[in-house]
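So the structure is just underneath, and the comments pick up after that.
Just so you know, these numbers use all the heavy atoms, side chains as well, and skip hydrogens, waters and symmetry mates. Numbers restart at 1 for each chain; the letters A, B, ... are given by sequence-line order, proteins then strands.
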Amino acid sequence: MKIYSTLSRQKEEFQPQGEVVTIYSCGVTPYAESHLGHAMNAVIFDTVRRYLLFRGYKVKFVQNITDVEDKIIDRANKLGIPPRELAEKFANRYFEDMATLNVMKPDIIPYATEEIPKMLEVIQGLVDKGHAYAVNGSVYFRVRSMPDYGKLSHRTLDSMQAGARIEPGEEKEDPMDFALWKAAKPGEPFWESPWGKGRPGWHIECSAMSLKYLGETIDIHCGGQDLIFPHHENEIAQSECFTGKKPFARIWMHNGLFQLGDEKMSKSIGNIVGIKQILEKHSADGFRMFVLGSHYRNPLTFSDEAIDAAEKGLERLIQAANSEPAPVKANAEKLDARSVRQKFTEVMDDDFNTPQALAVLFDIARDVNRGIEQGADVSELRHALKELSGVLGLTLKKPETAFTDAAPFIELLIKTRKQLRDAKQFKLADEIRDKLLETGVIMEDTAQGTTWKRKK
RNA sequence: GGCGACGUAGCCAAGUGGUAAGGCAGGAGUCUGCAAAACUCCCAUUCAGCGGUCCGAAUCCGCUCGUCGCCUCCA
């Protein structure tokens, strides 16, 4: 199995260190409703996790919650509630949304504010080793103390300083030095530390939690491409300088970012599309199909039309997975699923090529439908379709009827319509079908009788 | 200015040295009382453009054009 790592810029043979694959995923800063970017990220790494499980690995998946940060503090102050309360509220909403998208919950969800002692330990260690220094109650990481700083984002300190966007730090030795600990400002939450009251910098939490829950070297560290610099670069610096061990993470996986039209979807641009907004119009499976239809490292442009298209394709899979079992011919051929399973594994083994994995699912669906037509035994194929879809997190459930109360009446109409059809009263029969369609119910006449489903 | 990614059919999107997956849309059929669904067939002599390397390139190299991202909070 090969996985592309941002660090080496190539696909690497995946070799977990031990029995359990350790994964750290950079989580969210919860101060508002979650958006498409969160959903895309979660769906992608949920799929990675599911696939590893499918391949027989045990997985320990840690995803943090950053519950202390400028925007949370601002927002909470404006609302007059404690930052922690705000963070918890939106973190819970985030996990609700993710559950809707069939994203498995992380095994461990550490909250930054509950891990301050571990962070202080790491910071102190960095100070002791000369990798960090305290100024006016703040502590900064000394980037010049790390010779290979910049190795993840593939840039050098000098090239970065040549850039126009660096503000010289008032108290920093080097403008690229970054805060491990920030001295408390009035109106902000703070914790006691050897350097006085303050709060952690953004990057230190992930190093601390990763070290605490997964050890000094983890198998996979993942996040969005926008986190490569500075966040992940700084995590490496802190962690490797603290432990003296390399690498901090063996494989760095980064997903491409959502684009909206021609622009990135971003908080600063303000063109955010919320998840709830999407789920009003589209199914969770449809959204997952849309995301997995392009490779995870490429940017993905959002459009309702594109999700619609994904959803149409999805219906074929659902149909094949759930169609009425047709009569099987005596000594019918039993279609086996070995080759499609092998193909699925082959493409997923190559850096999680989900677009090709989906192509395999469509092939299976066609084989199932064709098999049914020919009276073959498709039970094994159908099972494979469901199972492999499940590996991608697709449920292939029919859209819930939401008409359960109306079901008996619909059944009655179907019966009446059958009588009309038997009597060749097609005009009336068609009228029933048309009117029912207007109310959102699709009738389909099959060899096994008439079925109905909800229109999307 | 530095670093990086990308440009494949009407749309979405794989493929990264051996002769273009898949989905959506579209066209023609089969089935059906008619539909729908399903199935069958068709739908890129060509991969932004121009050069080069090679027996062979969408895939490697160079240049040009275009788009986007990171360097600042962001998944």
Task: R366(A) side chain near A37(B) phosphate (N/O to OP1/OP2, under 4.0 Å) - done: no
TODO: Pick the P atom in A35(B) and in C12(B), then give their distance to the nearest Å.
DONE: 33 Å
- [ ] Choose from C39(B), C68(B), A75(B) the nucleotide whose nearest atom is closest to any side-chain atom of F258(A).
- [x] A75(B)
- [ ] Whole angstrom is fine here: how far is it from CG in D304(A) over to C1' in C11(B)?
- [x] 15 Å
Task: Euclidean distance, atom CG of residue D434(A) to atom C1' of A36(B) [Å, nearest integer] - done: 11 Å
- [ ] Look through every strand shown and name the nucleotide pairing with A9(B) as Watson-Crick or G-U wobble, where both distances are under 3.5 Å.
- [x] none
Task: C1' gap between G10(B) and C42(B), integer Å - done: 16 Å
TODO: When you get a sec, tell me which of G23(B), A38(B), A75(B) is the closest nucleotide to the side chain of Q319(A)?
DONE: A38(B)
Task: Candidate nucleotides G15(B), G22(B), A75(B), ranked by approach to the side chain of F362(A) - the nearest - done: G22(B)
Open item on the list: Can you measure I272(A) atom CD1 to A75(B) atom P for me and round it to whole angstrom units?
Closed with: 9 Å
Task: Protein-nucleotide distance (E444(A), atom CD; G33(B), atom C1'), rounded to Å - done: 17 Å
Open item on the list: Tell me which nucleotide, if any, is Watson-Crick or G-U wobble paired with G26(B) when both distances must be under 3.5 Å.
Closed with: C42(B)
Task: Counter-base of C63(B), judged by Watson-Crick or G-U geometry with both distances under 3.5 Å - done: G49(B)
Open item on the list: Checking contacts here: which listed nucleotide (A38(B), A75(B), U40(B)) is nearest the side-chain heavy atoms of R370(A)?
Closed with: U40(B)
- [ ] Sticking with atom C1', work out how far C43(B) lies from G27(B), rounded to a whole angstrom.
- [x] 8 Å
Task: Heavy-atom side-chain proximity of M146(A) to I236(A) below 4.5 angstrom - done: yes
TODO: Select one nucleotide: of C70(B), A38(B), G33(B), the one nearest the side-chain heavy atoms of D445(A).
DONE: G33(B)
Task: Proximity to the side chain of R316(A) - top-ranked nucleotide from G22(B), A75(B), A38(B) - done: A38(B)
Task: Integer-rounded Å distance: A37(B) P and L317(A) CG - done: 15 Å
Open item on the list: Any side-chain N or O of N369(A) below 4.0 angstrom from OP1/OP2 of C39(B)?
Closed with: yes
Open item on the list: If I pick the C1' atom on U67(B) and the same atom on C55(B), what distance separates them, to the nearest angstrom?
Closed with: 36 Å
Open item on the list: Can you tell me whether the side chain of D430(A) and the base of G33(B) have a donor-acceptor pair closer than 3.5 Å?
Closed with: yes
Open item on the list: Heavy atoms from C-beta onward define the side chain here; which of G15(B), A13(B), A36(B) lies closest to that of I442(A)?
Closed with: A36(B)
TODO: May I ask you to decide if G393(A)'s main-chain N or O and N102(A)'s side chain share a donor-acceptor pair within less than 3.5 Å?
DONE: yes
Task: Span that lies between the C1' atom of C68(B) and that of A48(B), in whole angstrom - done: 15 Å
- [ ] Tell whether K312(A) reaches the base of C24(B) with its side chain through a donor-acceptor pair below 3.5 angstrom.
- [x] no
Task: Pair partner, G18(B) [Watson-Crick or wobble, under 3.5 Å] - done: C55(B)
- [ ] Give none if G4(B) has no partner; otherwise give the nucleotide forming a Watson-Crick or G-U wobble pair with it, both distances under 3.5 Å.
- [x] C68(B)
Task: P gap between U59(B) and G52(B), integer Å - done: 14 Å
TODO: Assign each of F229(A) and L300(A) to its nearest nucleotide of RNA chain B by heavy atoms, then name whichever residue's nucleotide is nearer the 5' end.
DONE: L300(A)
Open item on the list: Exactly one of I307(A), L392(A), T354(A), L394(A) should register a side chain to side chain contact (heavy atoms under 4.5 Å, CB included) with M289(A). Which one does?
Closed with: L394(A)
Task: Nearest-Å distance once atom P is located in both A58(B) and U45(B) - done: 13 Å
- [ ] Could you check how far CZ of R9(A) sits from P of U16(B), rounded to whole Å?
- [x] 20 Å
Open item on the list: I want to confirm an ordering. Mapping V360(A) and E373(A) to their closest nucleotides on RNA chain B, which one lands closer to the 5' end?
Closed with: V360(A)
TODO: Could you check whether L227(A) gets within reach of a base, just the sugar-phosphate, or nothing at all, counting any heavy atom under 4.0 Å?
DONE: sugar-phosphate
- [ ] Grab the CD1-P distance between I318(A) and A38(B) for me, whole Å please.
- [x] 11 Å
Open item on the list: Once you apply a heavy-atom cut-off of 4.0 Å, does R75(A) come out as touching a base, just sugar-phosphate, or nothing?
Closed with: nothing
Open item on the list: A side-chain contact here means heavy atoms from C-beta on lying under 4.5 Å apart; do M348(A) and T47(A) qualify?
Closed with: yes
- [ ] Select one nucleotide: of A21(B), A75(B), C6(B), the one nearest the side-chain heavy atoms of A359(A).
- [x] A21(B)
- [ ] Would you mind classifying the nucleic acid contact of M289(A) as base, sugar-phosphate or nothing, using non-hydrogen atoms under 4.0 angstrom?
- [x] nothing
Open item on the list: Once you apply a heavy-atom cut-off of 4.0 Å, does E69(A) come out as touching a base, just sugar-phosphate, or nothing?
Closed with: sugar-phosphate
Task: Base paired to C31(B) (Watson-Crick or G-U; both N/O distances under 3.5 angstrom) - done: none
Task: Euclidean distance, F178(A) CZ relative to R142(A) CZ, rounded to 0.5 Å - done: 12.5 Å
- [ ] With rounding to the nearest 0.5 Å, note down the distance linking OG1 in T66(A) to CG in N64(A).
- [x] 4.5 Å
Task: Closest to side chain of R155(A), choosing from C24(B), A35(B), C71(B) - done: C71(B)
Task: G51(B) versus A57(B) - spacing of their P atoms, nearest Å - done: 14 Å
Task: Whole-Å distance separating the CZ atom of F352(A) from the P atom of A14(B) - done: 16 Å
- [ ] Check whether any side-chain N or O of H154(A) sits under 3.5 Å from a backbone N or O of L7(A) as a donor-acceptor pair, and report yes or no.
- [x] yes
- [ ] For T29(A) and E69(A), test the side chains for any donor-to-acceptor distance below 3.5 angstrom and give the result as yes or no.
- [x] no
Open item on the list: Regarding H295(A), tell me which of base, sugar-phosphate or nothing describes its non-hydrogen contacts under 4.0 Å with the strands shown.
Closed with: sugar-phosphate
Open item on the list: Between N353(A) and G15(B), is there a contact of a side-chain N or O with OP1 or OP2 at under 4.0 Å?
Closed with: yes
- [ ] Applying side-chain hydrogen bond (donor to acceptor under 3.5 Å, both in side chains) between Y140(A) and each of E171(A), K172(A), K182(A), report the one that passes.
- [x] E171(A)
Open item on the list: By nearest atom, which of the nucleotides A75(B), A25(B), A14(B) is closest to the S294(A) side chain?
Closed with: A14(B)
